[in-house]
2 protein chains.
Amino acid sequence: MQPRTHVTLEDVARAADVSLATASRALNGMRVTPQLRDRVLAAAAQLAYTPNAHARALAGASHRTVGVICHDVTDPYFAAVAGGVMRVAGANDLLVMLASTFRDPEREIAYVSMLRAERAPAILLIGSGFEDARWERAMEAELKPYLDGGGRVAVVSRHRSLKLDSVLPENRAGAAAMARALLELGHRRFAVLSGPRALTTVTDRLGGFRDELAAAGVTLDPAAVVEGPFTRDGGYQAMTELLARGLDATCVFALTDVMAIGAYAALRDHGLSVPGDVSVAGFDDIPIVRDLTPPLTTVALPLQQLGEKAMEMALTENTGRRRRILRMAGEVVVRASTAKLGA
Amino acid sequence: MQPRTHVTLEDVARAADVSLATASRALNGMRVTPQLRDRVLAAAAQLAYTPNAHARALAGASHRTVGVICHDVTDPYFAAVAGGVMRVAGANDLLVMLASTFRDPEREIAYVSMLRAERAPAILLIGSGFEDARWERAMEAELKPYLDGGGRVAVVSRHRSLKLDSVLPENRAGAAAMARALLELGHRRFAVLSGPRALTTVTDRLGGFRDELAAAGVTLDPAAVVEGPFTRDGGYQAMTELLARGLDATCVFALTDVMAIGAYAALRDHGLSVPGDVSVAGFDDIPIVRDLTPPLTTVALPLQQLGEKAMEMALTENTGRRRRILRMAGEVVVRASTAKLGA
DNA sequence: CACGCTCCTGAATGCGCTTTCAGTAAGCGC
DNA sequence: GCGCTTACTGAAAGCGCATTCAGGAGCGTG
């Protein structure tokens, strides 16, 4: 912004005919004669004065705006978690600024760097990190000095190589529980709509699911696991691919509700009914899946709480020696998208 | 953040054994002997130096972070528009920070004030303003000096009393077009799921719909217009209320897709089918409504574009004398949630 | 009535950086 | 080899504010 003339504290002081120091004190609620205070306040209002946040920060005042970085604000999962963050932040009189990287590591680093440069009191990272050594190093290089400088960082479902305070959904256990639920319904032949393998979320959910099946003597055919981006269209395409390969599964597990939504559409476009022809299950329990037809069976994560707890973590100092990890369990919610086999 | 020791430019300069000025120039890509530049860059990397954004801004460098303020990031409408903003911001090498007010006027003002204090190069306001004189005055008091100071502001579907560059969806015409489409299907008895009357969006959509019906000789029974918040649950309750009153409409027009989603649920819970028993239409065309069962008939707004155009407006200077207004038309998309009457 | 104390005000300093201004070294022609 | 131009470097100022330090007015006590 081309700084044309800005009203400064000096202008206010002059208008109120007091010293700069007095003006500053009056504006910041320190002890000043009521009469002087009024004069200063009036002058400030009159001139539409806004303190320059930069000058103020530079002179030692501290910030009340925390930064939240997620992959994609457009994704209901992130929106819900961010909502939780904002709830707690609001209760603590903090403002929050949300950044969306659209899954671009460069941009993610840029945001962290910016937040660091602005000396934000806390940074929250939401969503799996990119499993890429270069990214990890860059991230570490940003975060380490930020933490050393007194910054607070908390993370939701983030790569574990970054040693940060974390809120971790129990992806593995949740997927395992889902496997059990589906087995109980009589299913034995499964397909999986998977996300990018580089994400720990994927490793965990897929692994938990597969292992639990294996424990029950059921093997998951590698050809029945299709990978796609964690988006609605990713789910659509993965499902379509599965269908093209000649799906012989009775049940499809989407690693993410958003992908399940795409799967619904693909199935419908192929004239297949859910759960009549194929059962579908998801993961996350984003709000909209209750309103799908049929309502989606899924592993319900306390999305809001994920954000709330992360914010709380960032707000309280870690007095212990080790990083804090809060695991949040997911719960299988059986809705109408999964049917008993043979029923 | 408790500023413990931070690495400053001076530290870097000392480590590289050059002057402060040289270090600054080297880091900012100005002409410096390559050898010196390397030494400075190496020292900076070594020390994990991040320039203090506040000091930098104070000294005259300009910001690359624009602010976007919306009502609720959790609402797909805002998410989609924000997505558009971010697309063009990214293309222009800008970062964007998104704030969510959760419909709290106080918080909205606080965010604008913060952005102003930080001398952000642009502020985008997304969503209807609060029609409240106090709010309006406060907003004006914030924005006026911001604009005078060279800040750029653009607005999407915002109250018209604020004289700002705007991108305006043609709510009135869109609702009228929807009325025509529904009349054409043979419907004559309508109900409306409305939002808070204080929002111009509501006035326009409701007015456009009602007037167009009137032009066709059909009156909209005031008792058939139920008001609720612009949320899924708002839609659910409004629909429930309508049902309790003894709905005799053949077609329900929700002023917002999100409300229509709630209406679907309420209808389903009452054992009514869409469009068998009642036709339902919405407004906005948020992405998810294509995946509803049945897919929702709605007025499709170019949501992404709304954001893109607003960002572009904020990026280009207004050379003219008057504020710029870009009207964006909506288009009726008939899907399966509306049926021909008697078919 | 004089002295000491408290409380408030104003001048001055520094936060970390960019940028102007002046100075020095290098490069060139004669 | 000398003087001049060119190119880069370093010292210093200043961005707007919070805050320390010292001085001054007002009050109470002996």
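Letters A, B, ... are given to chains in the order of the sequence lines, protein chains preceding strands, and every chain is numbered from 1. On a predicted model such as this, the values are computed, not experimentally measured, just so you know.
A straight line from CG of A:Asp17 to C1' of C:dG10 spans 12 Å, rounded to a whole angstrom. Residue B:Met30 contributes atom CE, which lies 11 Å from atom C1' of C:dT20 at whole-angstrom precision. As rounded to whole Å, 18 Å separates atom P of C:dG16 from atom CZ of A:Arg56. The nearest whole Å value for the distance from the CZ atom in A:Arg119 to the C1' atom in C:dC17 is 11 Å. Protein atom NE2 of B:His6 is 11 Å distant from nucleotide atom C1' of C:dG16, rounded to whole Å. Atom-to-atom, CD of A:Gln35 to C1' of C:dC8 comes out at 13 Å; the value is rounded to the nearest Å.
The main-chain N or O of B:Thr101 is never found under 3.5 Å from a side-chain atom of B:Asp104 such that the two would form a donor-acceptor pair.
Both B:Arg25 and B:Tyr49 sit near DNA chain C, but only B:Tyr49 has its closest nucleotide nearer the 5' end. Ranked by how close their nearest DNA chain D nucleotide is to the 5' end, B:Leu58 and B:Thr22 are led by B:Thr22.
Side-chain rings of B:Phe102 and B:His71 stay apart, their centers remaining 6.0 Å or farther from each other.
B:Arg134 has a carboxylate O that lies under 4.0 Å from a charged side-chain N of B:Glu106, or vice versa, which qualifies the two as a salt bridge. Here A:Glu136 does not pair with A:Lys163 in a salt bridge; the nearest charged N to carboxylate O distance is not below 4.0 Å. A salt bridge does not link A:Glu140 with A:Arg137: every distance from a Lys NZ or Arg NE/NH1/NH2 to an Asp or Glu carboxylate oxygen is 4.0 Å or more.
Comparing C:dC8, C:dT19, C:dC17 by their closest approach to the side chain of A:Thr33 singles out C:dC8.
In this structure, B:Leu20 reaches the bases: a heavy-atom distance under 4.0 Å links it to at least one base atom across the strands shown. When heavy atoms are screened at a 4.0 angstrom cut-off, B:Leu9 is found touching base atoms of the nucleic acid.
The distance from atom CZ of B:Arg152 to atom CG of B:Leu315, rounded to the nearest 0.5 Å, is 7.5 Å.
Within a 6.0 Å radius of CZ in B:Arg327, no more than 12 heavy atoms belonging to other residues, nucleotides or ligands are found.
Residue B:Asn28 has a polar side-chain atom (N or O) positioned under 4.0 Å from OP1 or OP2 of C:dT18.
Using a 4.0 Å cutoff to heavy atoms of chain B, the contacted part of DNA chain D runs 5' to 3' from D:dC8 to D:dG16.
The terminal axes of the helix from C:dC1-D:dG30 to C:dC30-D:dG1, fitted over 5 pairs per end, subtend an angle of 40° to the nearest 10°.
Between A:His54 and B:His54, the angle of the ring planes lies from 30° to 60°, which puts this pair in the tilted group.
With sequence neighbours excluded, no residue satisfies side-chain hydrogen bond (donor to acceptor under 3.5 Å, both in side chains) with B:Arg107.
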